[in-house]
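Below, chains carry the letters A, B, ... as their sequence lines are ordered, and counting in each starts from 1. For clarity, every value in this text was computed on a predicted model and none was experimentally measured.
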There are 2 protein chains.
Amino acid sequence: MATIKDVAARAGVGLGTASRVLNGSAQTSPSSRERVLAAAAELGYVAHGPARALRRTRTDALGLLVSDIRNPFFSELAHAAEQEARAHGYAVLLANANEDERQADDVLRTFASQRIDGLMLSPQGPATPQLASLLERDVPIVLLNRRIEGVDLPFFGTDNEQGVGLVLEHLQRRGHRDVAYVGGTPTMSTGVERARTYLGGRAAHGISTDDAFVEAGDFQTEGAAAAMLRILDRGVQPTAVFGANGATTVGVLRALRERLGSDAAAAIEVVSFDDFDWFAYASPAITAVRNDASAIGRAAVQGVLALLRGEPAESVRVATTLIDRSGR
Amino acid sequence: MATIKDVAARAGVGLGTASRVLNGSAQTSPSSRERVLAAAAELGYVAHGPARALRRTRTDALGLLVSDIRNPFFSELAHAAEQEARAHGYAVLLANANEDERQADDVLRTFASQRIDGLMLSPQGPATPQLASLLERDVPIVLLNRRIEGVDLPFFGTDNEQGVGLVLEHLQRRGHRDVAYVGGTPTMSTGVERARTYLGGRAAHGISTDDAFVEAGDFQTEGAAAAMLRILDRGVQPTAVFGANGATTVGVLRALRERLGSDAAAAIEVVSFDDFDWFAYASPAITAVRNDASAIGRAAVQGVLALLRGEPAESVRVATTLIDRSGR
DNA sequence: TCGTCGCGTGGAAACGTTTCCATGACGGAA
DNA sequence: TTCCGTCATGGAAACGTTTCCACGCGACGA
């Protein structure tokens, strides 16, 4: 394995000169520049990242901790974040927490040990010990999509109020009165914001405020299906259902089909916070609020990089758009 | 930032003893063990990964290069691989190639610089310079899902023959004769294997061998939709369509709906290689061959770890299962 | 002609670990 | 008592970089 020492020797220059050429850091004579580059190419030299990180006290790596990469929202976000980071010369270390606080802490310990330069975090719950320790070290951290109680960090996520507003308007436009709402986890900031905005906006948009139409889920398919079944079991007859996120909507679909059969289910309009491409092919028709995960991912990277430069990072709430598929 | 030197000083022991305790490597007296651990806890000591990697010449990190993490097959695979690796004390560095050979090479260079201990790779095309360079250094490498011409590496992927066989049997059982086939990229091993098995098996399963029903796509939604349109434009009337992967099937759905309208489209049975959960909610009904991405991810990690231990790694072809949704 | 300046250069030091080697203490056998 | 082996220990060396510092050399102005 060739080291920079080998490169320097082969080029007939000193260690320092080789390093300077390879990093383009300082002035070097054209002749040594040329010879060093030639030597490096001949030897297939690849700088030893860890050694370089050790000496420079930075790694050019950002950590990205999401709850579950299988969630399309996060995989799109991760993809965009990686592209954006790469464009700025940073690598992204991706890890899953599986909605598990212990695993999240474990990952943070690994990140800390790797000495990542910055962190993008979709929190699982309250602040954990490892997070606190990273904060102490002044590692730049931004939050994705969920907030953490008591911790004031730049936030990059969806504009829930605006998105729910679009849904309320759509439901009113379509003349729905009896609308079921399957919400998210009541302890998560996203769940709270969406529920508050929706429930509070019902009256102004001609939607029944009967709480028999409302159940909380857990942002997972299973829990949402169960919640939907509880609503149906009360004997109410919604003409539309609003699911608080993508997985919730899938659970709603499953429950409707299971309890009513696919024909009766097709008569119900389903509205989703979070859009999936395949909604276009589903029956019943699904109207959705599209959540620009790519924009969030890019903005989050830019936020971390700003913090790294010592500038303040402004929180960003990305606006959503309504994909209306009710007209079919 | 506390170093191991600080820990040793605070514990009143030498550098070596501190290191030995923290790594549990050699015999240490209970008293110094206790004091070192206490000191480390008090200082919030976290070992410096890069320094440790420098000295040990290994990083306990595996690289995973996929074409696009937004593809559910890969996100499931990546998730499983990360869990498996973590269970064995390894971290996974994930990167996307975006189906772009140059970007893939770029990522490999980064991986090489990070000195990953092993690599799991879903190749974009033929062997690239950086891959060759990694091979030279004897970095353990396994292939995911696609093979590389002329390079003999352990392979972990779907059993395409077996999967296509399930599809052929299903089509025969359902009595389809006029079946359209939208294939994948003809240069990729997966595309070739699936096409060869399907085309060769048609006659034996009572399926028309008229090549007017066959078009190649590119494993992407856009290209598949275009291919499907070309078939329909020939004036043939398939009663079923077989899409060579998940994205292809989505393109097929789009084309059918666009050209025939959703009612006529619903009368056509669509069969997919790759299953998505939402297929259950789609119209027309979609029967699919389920591809166990998690099993592939886990097996690939185990393969790399075997290579790292100096053992041979046996290629694995994971069997698929048929999810029959045609009975609705 | 001489001092000064700037530029390119070589090499030592440092980054934080792990591991090797030598040392001292201690206990048991002779 | 003496000798040897065992065991825990401290510290130096090494891993591959980058960066700082000092030096030599040519050009330039006085």
Residue whose closest nucleotide on DNA chain D lies nearer the 5' end, B/R33 versus A/A47:
B/R33

Taking the side chain of B/Y45 as its heavy atoms from C-beta onward, which of D/dC15, D/dG10, C/dT17 lies nearest to it?
C/dT17

With heavy-atom distances below 4.5 Å as the criterion, would you say the side chains of A/L93 and A/F111 are in contact?
yes

I want to confirm an ordering. Mapping B/A51 and B/G16 to their closest nucleotides on DNA chain C, which one lands closer to the 5' end?
B/A51

Among D/dT9, D/dT18, C/dT17, which nucleotide has an atom closest to any side-chain atom of B/T17?
D/dT9

Roughly, in whole Å, what's the span from CZ in B/R56 to P in C/dC15?
22 Å

Tell me whether the side-chain N or O atoms of A/R115 pair up with the base of C/dG16 as donor and acceptor below 3.5 Å, since no angle test is needed here.
no

Map B/G14 and A/N23 onto DNA chain D by nearest heavy atom, then report which one ends up closer to the 5' terminus.
B/G14

Under 4.0 angstrom between B/R52 side-chain N/O and C/dT18 OP1 or OP2
yes

Closer than 4.0 angstrom, basic N to acidic O: yes or no for B/D100 and B/R102?
no

Rounding to a whole Å, what distance do you find between A/K5:NZ and C/dG10:P?
15 Å

Which of the following nucleotides, C/dA13, D/dC20, C/dG16, is nearest to the side chain of A/R55?
C/dA13

Nearest-Å distance for atom pair CZ/P, residues A/R58 and C/dG16
16 Å

Contact class for B/S32 vs. all strands (heavy atom < 4.0 Å): base, sugar-phosphate, or nothing?
sugar-phosphate

Of the listed nucleotides (C/dG11, C/dC21, C/dG16), which one gets closest to any side-chain atom of A/L54?
C/dG16

Roughly, in whole Å, what's the span from NE2 in A/H48 to C1' in C/dT17?
12 Å

B/L22 has an atom CG; how far is it from atom P of C/dT19, in whole Å?
13 Å

Which atom names give the shortest non-hydrogen contact between A/N96 and A/V107, and what distance separates them?
O-CG2, 3.8 Å

Are A/S19 and D/dT18 close enough that a side-chain N or O sits under 4.0 Å from OP1 or OP2?
yes

Mind checking whether A/D292 and A/T158 have side chains closer than 4.5 Å, heavy atoms only?
no

Indicate yes or no: at least one non-hydrogen side-chain atom of B/H48 is less than 4.5 angstrom from one of B/T3.
no

A/L15 CG - C/dA13 P separation (whole Å)
14 Å

Show the nearest heavy-atom pair for residues B/A81 and B/V92, with the distance to one decimal.
O-CG2, 4.1 Å

Over how many whole Å does the gap from A/I4 atom CD1 to C/dA12 atom P extend?
16 Å

How many whole angstroms separate atom CD of A/Q27 from atom C1' of D/dC25?
17 Å

Selected nucleotide, minimal atom distance to B/S29 side chain, candidates C/dT17, D/dT9, D/dC20
D/dT9

Mind checking if A/A53 touches a base, just sugar-phosphate, or nothing, with heavy atoms under 4.0 Å?
nothing

